[in-house]
Each structure stands twice: as structure tokens, then as C-alpha cells.
Amino acid sequence: MKSIKSFTKQSLHNLGAAATKRIIKQFANKHHMVYFGHVDPREDEYELVRGLTLSTSHVDNHYTVGEYQSRDIILVERRNTLTFPNKPAASYRWLIAQIDLRRGGLPHIFIDCNHHDATFYANAFLSRQGMQDLSSYFGGVSHSFAQKAKLFANPSDYTAVGTLITPEVGETIAQHFAQFDYECFDDRLLIYTSNLLPSPVLLEEMLRVGTWLASVCENAAI
């Protein structure tokens, strides 16, 4: 019985991987992007997608590069199993869209629309001890934002973060785009899905919200 269950689980995994590959390749072809598949982060010819999900143990698949509305785009599926003392292990599969911005010097911000747990945060902030949960300070951004999202940043960037995440931006994220999580730093914007199978609609929506938020970041008076 155990072997049958293991076989079934592996079969479902293989089917899911094949479907993911097919959907992302179709998406890449539609937008004239280049699909590379699995990439080794130690190889220099690939630009590594960084951010809070970067680690020594993650695996990147379905690496895709291209351009959308004159912005350079990288799409990648990243998997990792995170552990931390006295916390339960947590397995994650992120679909990440990285968008290059037309400006740099932005503060490091992570907006989690309630998709991550204590194990993720313990790992993510282990080497980024300056970042803290500033949600209580930004609760006044919008009632919906306070309910649906947590905001992490360095307290020293409080003013810059407030200029970037205005009440209008917070309300738009909470009301329309809370299925994603967001990270920006310097000249990069990352849009995340967590533990969701990709679909053509989901991928198009990632590009739509990504280009909107990219414009917000580029035009913020920081």
C-alpha cells in the first residue's frame, strides 16, 4: 500500500511538472520570451533572481527571460523546504516574476498578503536583521491593507516606504491583487505566487500587476 501511495504521489508530481512546463512555455511563446527550463544558480550566464527567497538550498525551474512593455522580465519557479529550530518544516513553491525598473535606490520592502509562516520569516530575515514588521505603522494606509497584508522593511526607510506605499497603492493591492506578494529593492521588483499551480490567466495577471507596480515604483518621489 505504501508503494502504491508513493507511486501515485510521484505520478501526480510528474503530471503537475509537465503541465507547468507546458503552460509556461506557451506563455513564453506568446510574449516572445525565451524558455530555458532548469538552471544552476552557480552558472554565471544566468542572472540569479534574488530577494528573500534566495538561499543555498533552493531549486530554480522553468527559467524564462524576455521583455514586456519595454521592461526586462525574468520568470522562474523556485522550490525550497525551509527548516528552523523549534519551528515546523515548511515546503514552498514560488512562481516569481522579476521586473527590472528604470530607476534604482529603492528601499527594501516585502509585502506579504498572508501567504507565509513563521518558518519562512525566521529564514528570510536571518541575514537581513534590519528588516522588521512595520505593519502596525502602516495600518492607516487602508483598512483593507491592514487586514490582508503585512509590510516588512528597515525602520530607517520609514519615510521612503510611506512615499511608495501610499493609501491608494495599499488599497489597490488589498482590493485587487492580494493573491500575490511583493518585494522591491534597488532597481528590482518581484511579484510572487506561493504554492499555486500556474495558469495562463495567473501569468498574465502577474505581468499586469507587475507593470502597474513598476510604474508606481519608478514615479515615487523618493
Side-chain angles (χ1 to χ4, degrees), residues 16 20 49-55 58 75-99 106-155 157-158 160-162 164-185 188-199 201-214 216-217:
T20 296
V49 174
R50 299 186 178 275
L52 292 180
T53 60
L54 180 70
S55 75
H58 77 258
L75 184 71
V76 68
E77 182 200 62
R78 175 167 290 170
R79 293 173 180 258
N80 206 357
T81 297
L82 304 175
T83 60
F84 201 82
N86 302 318
K87 297 184 186 300
S91 293
Y92 271 99
R93 177 177 61 196
W94 299 280
L95 189 63
I96 309 171
Q98 175 180 286
I99 301 176
L106 291 175
H108 193 173
I109 304 172
F110 183 70
I111 297 174
D112 176 15
C113 294
N114 296 325
H115 298 128
H116 295 86
D117 53 23
T119 303
F120 169 81
Y121 291 123
N123 280 271
F125 298 136
L126 189 62
S127 60
R128 301 170 180 86
Q129 296 180 1
M131 294 192 76
Q132 298 179 21
D133 186 350
L134 302 184
S135 304
S136 60
Y137 296 100
F138 286 90
V141 166
S142 83
H143 179 68
S144 297
F145 186 82
Q147 285 186 320
K148 296 183 179 181
K150 298 182 181 69
L151 187 150
F152 299 85
N154 193 310
D157 293 324
Y158 176 84
V161 174
L164 184 60
I165 309 302
T166 63
E168 181 181 7
V169 171
E171 189 71 14
T172 301
I173 289 174
Q175 291 290 344
H176 303 289
F177 303 126
Q179 69 271 41
F180 302 120
D181 303 309
Y182 308 89
E183 185 175 10
C184 74
F185 51 90
R188 296 288 188 273
L189 172 66
L190 277 59
I191 314 297
Y192 294 92
T193 69
S194 297
N195 298 323
L196 293 177
L197 287 173
S199 68
V201 172
L202 182 69
L203 292 169
E204 294 291 345
E205 192 74 348
M206 289 183 80
L207 287 187
R208 187 167 77 92
V209 65
T211 51
W212 163 73
L213 193 53
V216 169
C217 293

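Position 1 is the first residue of the sequence, and the numbers go up from there.
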Nearest heavy atoms of [X] and [Y], plus distance in Å:
{"X": "L189", "Y": "A214", "result": "CD2-N, 3.5 Å"}
{"X": "E171", "Y": "S144", "result": "OE2-OG, 3.5 Å"}
{"X": "C113", "Y": "A178", "result": "CB-O, 3.3 Å"}
{"X": "L164", "Y": "C184", "result": "CD2-SG, 3.9 Å"}
{"X": "A149", "Y": "I111", "result": "CB-CG2, 4.1 Å"}
{"X": "T81", "Y": "S91", "result": "OG1-OG, 3.1 Å"}

Check against side chain to side chain donor-acceptor pair (under 3.5 Å), H108 and E183: CA-CA 7 Å; H108 193 173; E183 185 175 10; 2.6 Å; yes

How long is the gap from [atom1] on [X] to [atom2] on [Y], to the nearest 0.5 Å?
{"X": "S142", "Y": "E168", "atom1": "OG", "atom2": "CD", "answer": "11.0 Å"}
{"X": "L82", "Y": "Y121", "atom1": "CG", "atom2": "OH", "answer": "12.5 Å"}
{"X": "D157", "Y": "Q132", "atom1": "CG", "atom2": "CD", "answer": "11.5 Å"}
{"X": "S199", "Y": "E204", "atom1": "OG", "atom2": "CD", "answer": "9.5 Å"}
{"X": "L52", "Y": "L190", "atom1": "CG", "atom2": "CG", "answer": "9.0 Å"}

With a 4.5 Å cut-off on side-chain heavy atoms, are [Y] and [X] touching?
{"X": "S194", "Y": "D181", "value": "yes"}
{"X": "P107", "Y": "N154", "value": "no"}
{"X": "L54", "Y": "V49", "value": "no"}
{"X": "F145", "Y": "L151", "value": "yes"}
{"X": "F110", "Y": "Y192", "value": "yes"}
{"X": "F120", "Y": "N80", "value": "no"}
{"X": "L75", "Y": "L203", "value": "yes"}
{"X": "T193", "Y": "M206", "value": "yes"}

Derivation of the side-chain contact (heavy atoms from CB on, under 4.5 Å) call for W212 and I173: CA-CA 11 Å; W212 163 73; I173 289 174; 4.0 Å; yes

Donor-acceptor contact present, side-chain T119 to main-chain A89, <3.5 Å: no

Side chain to side chain donor-acceptor pair (under 3.5 Å) evaluation trace for N114 with K148: CA-CA 6 Å; N114 296 325; K148 296 183 179 181; over 6 Å; no

Reference residue L213; test side-chain contact (heavy atoms from CB on, under 4.5 Å); the match among T172, V169, I99: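 Checked T172, V169, I99 against L213; only one passes side-chain contact (heavy atoms from CB on, under 4.5 Å): V169.
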
Ring centre gap for F125 and F152 strictly below 6.0 Å: yes

Pair Y92 + H116: ring centers closer than 6.0 Å: yes

